[in-house]
Amino acid sequence: MSGNSTDIESLVNRRYRHGFVTDIESDSLPPGLNEDVILALSAKKGEPEFMVQWRLKAYRHWLTMREPAWAHVHYPPIDYQAISYFSAPKSDADRPKSLEEVDPKLLETYDKLGIPLHERAKLAGVAVDAVFDSVSVATTFKSKLKEAGVIFCPFSEAVLNHPELVQKYLGSVVPYRDNFFATLNSAVFSDGSFVYIPKGVRCPMELSTYFRINAANTGQFERTLIIADEGSHVSYLEGCTAPMRDENQLHAAVVELVALKDARIKYSTVQNWYPGDENGKGGIYNFVTKRGDCRGANSKISWTQVETGSAITWKYPSCVLRGENSVGEFYSVAVANNMQQADTGTKMIHIGRNTRSTIVSKGISAGRAQNAYRGLVRIMPQAANARNHTQCDSLLLGKNCGAHTFPYMEIRNPTARVEHEATTSKISEDQLFYCRQRGISEEDAVSMIVNGFCKEVFRELPMEFAVEAQNLLNVSLEGAVG
Amino acid sequence: MTAMLEIRDLHTKIGDTAILDGLSLTVGSGEVHAIMGPNGSGKSTLAQVIAGHESHVVTSGTVTYCGKNLLELAPEERAREGIFLGFQYPVEIPGVNNAYLLKAAVNAKRRHNGQPEIDAFEFLKLARARMSLLGMDPGFLNRGVNEGFSGGEKKRNEILQMAMLEPRLAILDETDSGLDIDALKAVAKGINALRSPDRAIVLVTHYQRLLQYIEPDRVHVLSKGRILRSGDKSLALELEERGYDWVREAASA
């Protein structure tokens with residue numbers, strides 16, 4: 001159809017909806033990184049000795065490492081000395097104990113984002129541990145969770161109140177030496193969420209964190225640790241938006257999940273950080289390490305992600321299937337538009353017998369974006385009867401984008417069964433004309449077709465998130481027709 | 001009888017190739033017209049031009065629909081104004097639920113007409129009624145649009161959409177092709193059920209056999225982008241007997 005490429009561009013060029021900056025004084029450390037900065041950071045948080053030592057070990061190791069270059073992404077060198085490693089809202093000295101005490105400006109920010117925290121939390125039955133910049137400012141539903149024995153709090157609080165749990169599990173899934181970005185995170189992590197579900201407890205509500213990067217030039221280093229003790233269940237939601245900014249903002253988070261015997265963890269993400277403008281200026285660099293350890297028999301970890309934002313996404317939520325009969329799942333929708341670059345996928349490491357994994361990856365590319373799926377399925381010699389099914393589909397919108405698939409398989413046990421299916425397709429003119437002939441606008445037709453393409457993944461999201469994800473997709477791809 | 005569709009001296013091209021070459025056609029409300037003609041005569045082009053397919057460029061001529069200049073409208077606007085094209089090859093849209101597409105289409109039209117949107121409950125009721133009229137399995141609604149449908153199912157699905165959208169002008173492009181006799185009868189039955197004094201139907205077809213089940217008011221023979229001959233239903237029978245060459249020879253004589 002004639003004129004489509006311009007349509008695509010205009011649709012793709014919609015301004016980022018959440019681009020605004022809240023005017024709150026930040027109590028930031030000056031830019032730069034050295035041992036004194038780490039000590040200052042740790043002191044601001046009043047951390048115990050084990051934590052300081054762990055950070056320093058990580059920092060010293062980080063100095064010996066080099067930034068990885070194997071991903072299918074390109075960006076100018078990052079000056080790690082130009083980043084400020086701590087930023088908290090000014091009111092940190094007297095931290096609010098409840099929402100009523102929260103800085104009204106913060107609440108306004110949530111309103112702009114369409115997250116009226118208190119209402120939403122109550123209506124949806126969701127407990128929200130809201131991360132504003134680096135310090136968690138509001139935690140709701142604590143008492144109800146407490147009744148069930150669930151611990152859900154900012155990571156910095158867990159370090160102070162539950163040091164034995166933190167010390168036991170921190171770094172047990174993603175060691176501080178793991179990779180360049182995870183190691184950096186280990187040295188300077190700011191805050192994040194901590195969850196502990198005791199034996200046999202089904203967490204009475206979905207746990208949810210909204211992230212937001214706010215202060216300029218502040219690299220954000222979230223650290224999340226979720227432990228599901230024997231026989232427990234938990235579903236955790238993570239969603240994020242960020243304000244419009246010219247500087248590239250580095251984000252290097254680490255998420256560790258531990259599922260003990262018979263435990264289940266479902267971790268869902270909707271990621272909508274600022275992707276940069278149509279020329280790729282600005283936008284978040286998202287270098288995340290997410291890994292789950294199915295440590296006990298019959299445990300299950302399920303990752304679901306909808307990634308529409310960030311200039312660069314470098315993210316491979318993985319499962320280590322250690323326990324017998326344990327199950328790992330990865331469901332992903334990754335959208336790359338304009339100049340966005342996404343290199344994302346998963347790793348399924350089969351160690352235990354009868355372990356099973358499922359990978360469903362849906363990549364959507366539009367504009368001049370590059371979208372890569374990178375996945376590893378490793379079957380270890382002792383993993384008898386391991387099974388994996390991988391399905392990897394790419395959808396291209398327009399002529400100038402790219403989709404790439406890098407599946408790696410290492411199979412060291414002859415009883416393994418590993419399947420890989422991959423497809424690449426385009427939204428055809430015939431499909432669009434068909435929908436338009438039925439009275440449906442081109443935009444709605446694209447979003448309908450794209451949502452159909454992503455259905456298998458959206459089905460895995462908790463209800464309220466599924467709706468949000470569809471809306472997000474519509475906004476991200478409005479007008480991206482090819 | 002008011003002219004619902006008035007095509008005058010229409011010339012079109014696709015790329016550099018001229019297809020329609022001075023075609024004129026008038027269709028009135030309540031009428032059923034059959035457009036017949038050999039392969040490559042421009043039958044499907046006519047259907048697509050009326051629906052607004054952008055690969056066809058209109059170089060001259062006019063198309064008036066209910067008093068409006070149709071050529072100014074985008075395909076979706078034409079659809080909302082009541083033009084329906086039953087596709088020769090309905091496309092598959094994987095993962096998109098048939099019911100979802102139908103509901104979106106019905107509501108797009110209702111919004112256009114200033115009517116309130118239909119809710120899920122009402123929609124299901126209406127869809128079920130229409131499906132039983134067409135002898136269709138309700139399970140159809142929950143399948144992906146044309147995904148894995150047989151040829152007959154696809155064509156029947158087109159008729160279901162037509163029944164739901166209640167167009168003023170329906171153009172059915174070779175709806176009979178690729179159907180076995182039972183499917184043909186079922187589709188014809190559906191089309192007949194949708195005949196109405198407020199609706200015009202244009203059947204684009206290669207063969208006379210569809211016309212055994214749907215009796216047209218007018219039959220037109222198309223060749224090389226223009227209508228060579230028009231007549232009543234007996235023209236279709238004559239064509240079947242004497243072949244298209246007969247019309248061509250008669251025209252050039």
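We name chains A, B, ... by the order of the sequence lines, and we start the count at 1 in each one. Quick note: numbers below take in every heavy atom, side chains included, and nothing from hydrogens, waters or symmetry partners.
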request  = Looking only at non-hydrogen atoms, find the nearest pair between B:A51 and A:F433 and report the distance.
outcome  = CB-CZ, 3.8 Å
query = Heavy-atom distance under 4.5 Å between the side chains of A:C435 and B:I93, does that happen here?
reply = yes
request  = State the CD-CG distance between B:E76 and A:L432, to the nearest 0.5 angstrom.
outcome  = 10.0 Å
ask   = Does any N or O in the side chain of A:R438 come within less than 3.5 Å of the main-chain N or O of B:L85, such that one atom is a donor and the other an acceptor?
value = yes
query = Within a reach of under 6.0 Å around OH of B:Y100, are more than 12 heavy atoms found that belong to other residues, nucleotides or ligands?
reply = no
task = Write down the atom of B:A108, the atom of A:G439, and the distance for their closest heavy-atom approach.
result = CB-O, 3.1 Å
task = Evaluate whether atom CZ of B:R130 has more than 12 neighbouring non-hydrogen atoms of other residues, nucleotides or ligands under 6.0 angstrom away.
result = yes
ask   = Would you find more than 12 non-hydrogen atoms of other residues, nucleotides or ligands less than 6.0 Å from B:R195 atom CZ?
value = yes
ask   = When rounded to the nearest 0.5 angstrom, what distance separates CD in A:Q437 from CG in B:L165?
value = 8.5 Å
query = How many angstroms lie between atom OG of A:S428 and atom CD of B:E92, to the nearest 0.5 angstrom?
reply = 10.5 Å
inquiry  = A quick test of your reading: do over 12 heavy atoms of other residues, nucleotides or ligands sit less than 6.0 Å from CZ of B:R199?
reply    = yes
Which portion of B:P90 sits near chain A, non-hydrogen atoms under 4.5 angstrom = both
key: Interface moiety of B:V145 toward chain A, non-hydrogen atoms closer than 4.5 Å   = side chain
message = If I take atom CD1 from residue A:I449 and atom CG from residue B:L101, how far apart are they, to the nearest 0.5 angstrom?
response = 9.0 Å
query = What is the minimum heavy-atom distance between A:R436 and B:P75, and which atoms define it?
reply = NH2-CD, 3.3 Å
key: CD1 on A:I440 to NZ on B:K109, rounded to 0.5 Å   = 12.5 Å
key: Over 12 non-hydrogen atoms of neighbours within 6.0 angstrom of NZ in A:K455   = yes
ask   = Where does B:N146 contact chain A at under 4.5 Å (heavy atoms): side chain, backbone, both or neither?
value = side chain
Atom pair CD (B:E158) and OH (A:Y434), whose distance is rounded to the nearest 0.5 Å = 3.5 Å
ask   = In this structure, are over 12 heavy atoms from other groups packed under 6.0 Å from B:Y89 atom OH?
value = no
ask   = Does any heavy atom of chain A fall under 4.5 Å from the side chain of B:I83, the backbone, both, or neither of them?
value = both
Within 6.0 angstrom of A:K347 NZ, more than 12 heavy atoms from elsewhere = no
